[in-house]
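Predicted model, so just to flag it, every value in this text is computed and none were measured. Note on naming: letters A, B, ... go to the chains in the order of the sequence lines (proteins, then strands), and numbering restarts at 1 for each one.
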2 protein chains.
Amino acid sequence: MPVTLKELAARANVHPSTISRVANNDPGLRIATDTRSRIEALLRETGYQPNGIARGLKLRQTNVLAVVIPDVTNPFFAALFRGVEDVAAPRGFNVLLCNTDGLPERQRSHLQSLQARRVDGVIIASSFLKDPSVRDLRGQKRPFVLVNRFSDDGEDPFVGSDDLLGGQLATAHLIDLGHTRIGHLAGKSTVSTGMLRRRGYLAAHTAAGLAADPGLVVEAGYTEESGAAAARHLLSVPDPPTAVFAVTDMVALGTAEVARQMGFRIPEDLAIVGYNDIPLASRVSPGITTMRVPIHEFGSVAGRLLLDQIENDEPAQRRVRFTPDLIVRESTVAGLIRSARSARPNSSAEQGAPR
Amino acid sequence: MPVTLKELAARANVHPSTISRVANNDPGLRIATDTRSRIEALLRETGYQPNGIARGLKLRQTNVLAVVIPDVTNPFFAALFRGVEDVAAPRGFNVLLCNTDGLPERQRSHLQSLQARRVDGVIIASSFLKDPSVRDLRGQKRPFVLVNRFSDDGEDPFVGSDDLLGGQLATAHLIDLGHTRIGHLAGKSTVSTGMLRRRGYLAAHTAAGLAADPGLVVEAGYTEESGAAAARHLLSVPDPPTAVFAVTDMVALGTAEVARQMGFRIPEDLAIVGYNDIPLASRVSPGITTMRVPIHEFGSVAGRLLLDQIENDEPAQRRVRFTPDLIVRESTVAGLIRSARSARPNSSAEQGAPR
DNA sequence: TGCCGATGAACAAACGATTGCGCTAGCCTA
DNA sequence: TAGGCTAGCGCAATCGTTTGTTCATCGGCA
């Protein structure tokens with residue numbers, strides 16, 4: 001059992017409050033030098049660590065953040081989390097990780113538990129456009145930041161990419177390559193990324209004077225498995241598309257796998273574009289053309305936004321949106337020179353800037 | 001600000017303790033039915049949630065676990081974490097995630113912070129053979145479980161694979177293929193996995209009556225980058241090996257990349273075996289031959305061991321070791337039929353059993 | 001009527017820290 | 001020598017729960 005203030009006080013023949021002030025380096029504390037050194041010696045000797053629970057109760061601050069994501073085994077969310085922890089740890093915050101598997105019910109129960117725990121702030125990367133959980137959160141005083149997906153078109157603090165533009169650029173790339181029958185393995189229409197990227201897909205068609213075939217848009221979810229299932233469906237229609245824009249790289253990977261199984265050559269029979277540029281996208285063969293977003297930065301910026309809210313006690317309703325960059329690989333263009341430089345994320349590449 | 005017991009008590013004209021007992025469904029509580037229903041209505045109406053901090057202070061239990069790993073963007077550790085959370089969440093525990101990047105100093109500071117926070121238990125996957133942090137942990141009363149790496153040959157609760165056997169099987173596979181000059185991109189000798197897999201590598205040589213060339217063993221760390229650097233080194237010697245056993249799949253991936261750059265064909269000029277069978281191993285081309293271990297189960301078993309310790313308040317000094325399975329892919333054997341079945345993790349495959 | 005046992009709920013002491021305020025010396029000054 | 005100032009600490013309330021104990025009331029029974 002760790003030592004308490006009371007025990008130390010007994011050993012030093014002073015009142016607990018005195019120890020507390022010395023340990024916390026209370027500015028403006030008037031204390032005799034010998035008393036202070038006696039106490040400091042005791043603190044060192046015992047390695048006293050204040051009980052964080054008691055401290056939290058008194059100070060109404062836990063120094064704990066929480067990150068709520070669909071699934072940390074998805075590399076996108078793992079990188080996101082690192083971004084958060086990298087800014088939180090140096091500031092003395094620990095971070096809880098909650099996986100929802102995309103289930104609203106699990107998200108709700110996690111958020112409820114986090115509320116009971118009185119975490120100081122929450123970062124949510126699993127929100128829906130209409131999300132009771134987010135609405136509850138707004139009602140509480142608890143600071144939060146949405147990442148990647150926003151909710152309700154609200155004015156909540158948010159960090160993510162310009163998904164409308166991203167969807168448009170991805171699709172325009174396929175149009176530029178001469179494709180006219182372009183499919184879309186869409187995200188859920190209940191999720192902002194799904195809605196906006198799909199809208200971008202349509203906008204690119206309009207801008208090019210092309211008519212998008214509604215039959216070529218199928219909802220594919222966000223996992224590799226659901227993507228594969230949707231792709232199997234899409235590629236089985238009588239007149240299949242010659243190219244697809246997948247809402248995420250994971251969906252693109254599932255698609256590539258299914259396409260290969262069905263005898264499509266990539267990119268000759270089917271060109272594929274993904275989204276996010278997760279590390280996997282550049283490692284598989286063929287490399288997946290994708291929209292690069294600064295994933296780690298999503299996390300670190302969101303973390304900073306959250307910590308500023310917490311420490312300055314201000315609403316800080318900022319919204320940060322990064323512009324995604326098209327990264328062209330072999331899944332859309334055959335015969336690319338696959339050098340390390342072009343195939344792997346390149347740190348000197350131009351990153352989208354907040355605007 | 002959430003509602004407190006005291007406020008509810010005022011509204012219901014009863015003492016806070018009465019509310020508490022009703023909320024907690026205190027068995028053996030004698031209470032008038034109308035009082036009870038009045039309180040229950042109030043609880044429902046206000047959606048009362050006890051303050052977890054205050055609760056934790058009183059009950060000396062936080063219902064928080066912590067997982068300490070090198071880096072969650074490494075898919076191995078991400079899967080491990082999921083295993084933990086999947087058993088912790090249903091039991092009402094939240095899980096803190098701490099990344100150390102393999103630095104003892106960061107591990108120490110994390111563990112100190114976790115101690116201050118009074119987490120109920122810790123799972124460590126980043127321990128060293130001689131690890132002051134682990135020794136400190138033994139000194140505390142705080143339950144913990146080591147995963148993947150153990151420490152000090154101690155009797156700490158542990159979940160991992162039989163690394164000696166794994167190293168032996170991996171190397172024997174290369175010997176079986178006819179290789180006689182086999183390199184080893186070793187883990188750190190300060191880490192149990194590094195030490196044992198290297199020992200297994202040597203044992204396989206001995207068993208086959210082969211002499212291992214000490215010049216072909218280089219320490220490669222655990223990241224792709226450090227693995228690549230070590231591989232560059234190893235492959236530059238005058239008489240380079242025709243095969244290597246890499247301590248992890250990440251190191252194997254770095255090796256493959258470097259080998260390709262240096263003009264080695266895989267597996268014709270250089271065969272590569274990894275360890276862990278992370279999802280990436282089956283997705284890259286050529287697929288990486290590796291030793292499969294049940295990663296998710298590492299986490300879930302460790303979580304269960306830890307929770308049992310916490311809830312039953314017993315030491316539960318169990319050690320669980322899984323036997324790894326050799327998964328052969330194209331990085332050691334050319335011309336394999338790359339079907340989905342053989343290239344992707346197969347859930348019906350025989351998993352190593354605890355022994 | 002008087003006593004006893006249930007019954008129903010209040011009381012109060014924790015848990016371990018933080019912090020505004022009050023108290024007691026000692027010293028200086030007038 | 002009395003009064004006041006200040007340095008150096010102690011006091012005690014507080015954060016929100018939990019839980020052993022006590023207390024009042026009431027009905028029943030002798």
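- Side-chain proximity of Leu59(B) to the nucleotides dT19(D), dG16(C), dG16(D) is greatest for dT19(D).
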Checklist entry - If the sugar-phosphate is the primed atoms plus P, OP1 and OP2 and the base is the rest, what is the B/S/- string for nucleotides 22-27 of chain D, using protein heavy atoms under 4.0 Å? => result ------
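- Note: CG (Leu57(B)) to C1' (dC15(D)) measures 9 Å, nearest angstrom.
- Looking at heavy atoms from C-beta onward, Asn99(B) lies in side-chain contact with Asp71(B) at the 4.5 angstrom threshold.
- No hydrogens or angles considered: a donor-acceptor pair under 3.5 Å links the side chains of Gln107(A) and Asp131(A).
- Residue Lys6(B) places no side-chain N or O under 4.0 Å from the OP1 or OP2 atom of dT14(D).
- Relative to the six-membered ring of Tyr48(A), Arg11(A) misses at least one condition, a distance below 6.0 Å or an angle of at most 45° to the axis.
- Across residues 42-53 of chain B, not one residue has a non-hydrogen atom less than 4.0 Å from an atom of DNA chain C.
- With hydrogens and angles disregarded, a donor-acceptor distance shorter than 3.5 Å links the side chain of Arg117(B) to the backbone of Thr62(A).
- Listed for the Ser37(A) side chain is a donor-acceptor partner under 3.5 Å among the backbone atoms of Thr33(A).
- Screening Leu114(A), Leu111(A), Val67(A) for a side-chain contact (heavy atoms from CB on, under 4.5 Å) with Cys98(A), the sole residue that qualifies is Leu114(A).
- Between Asp34(B) and Ala54(A), the one whose closest nucleotide on DNA chain C sits nearer the 5' end is Asp34(B).
- In this model, the phosphate group of dG16(D) is approached by a side-chain N or O of Arg60(A) to a distance below 4.0 Å at OP1 or OP2.
- Closest contact between the side chain of Thr35(B) and the listed nucleotides dT18(D), dC9(D), dA9(C) involves dA9(C).
- Nearest-nucleotide positions on DNA chain C place Ala32(B) closer to the 5' end than the other of Pro2(A) and Ala32(B).
- For Arg142(A) (side chain) and Val119(A) (main-chain N/O), a donor-acceptor pair under 3.5 Å exists by modelled atom type.
- To the nearest angstrom, C1' of dT18(D) lies 15 Å from CG of Leu8(B).
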N/O contacts under 3.5 Å, protein versus nucleotides 10-13 of chain D?
residue, atom, partner, partner atom, Å
dG10(D), OP1, His15(A), N, 3.4
dG10(D), OP2, His15(A), N, 2.7
dG10(D), OP2, Thr18(A), OG1, 2.7
dG10(D), O6, Arg21(A), NH2, 3.1
dC11(D), N4, Ser17(A), OG, 3.2

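- Across all strands shown, Asp26(A) has no heavy atoms under 4.0 Å from either base or sugar-phosphate atoms.
- Here the C1' atom of nucleotide dT18(D) and the CD atom of Gln61(B) are 14 Å apart, to the nearest Å.
- Annotation: side chain of Asn63(B) is not in contact with side chain of Arg55(B) (no heavy-atom distance under 4.5 Å).
- Separation of atoms CD (Glu311(B)) and CG (Leu306(B)) is listed at 9.5 Å; rounding is to 0.5 Å.
- Counting heavy atoms from C-beta on, the side chains of Tyr222(B) and Thr193(B) come closer than 4.5 Å.
- Side-chain contact annotation: Asp156(B) with Ser151(B), donor-acceptor N/O pair under 3.5 Å absent.
- At a threshold of 4.0 angstrom between heavy atoms, the contacts of Leu5(A) include nucleobase atoms, whether or not backbone atoms are also involved.
- Per the geometry, CZ belonging to Arg55(B) stands 18 Å off C1' belonging to dG16(C), to the nearest Å.
- Annotation: side chain of Asp136(A) is not in contact with side chain of Gln112(A) (no heavy-atom distance under 4.5 Å).
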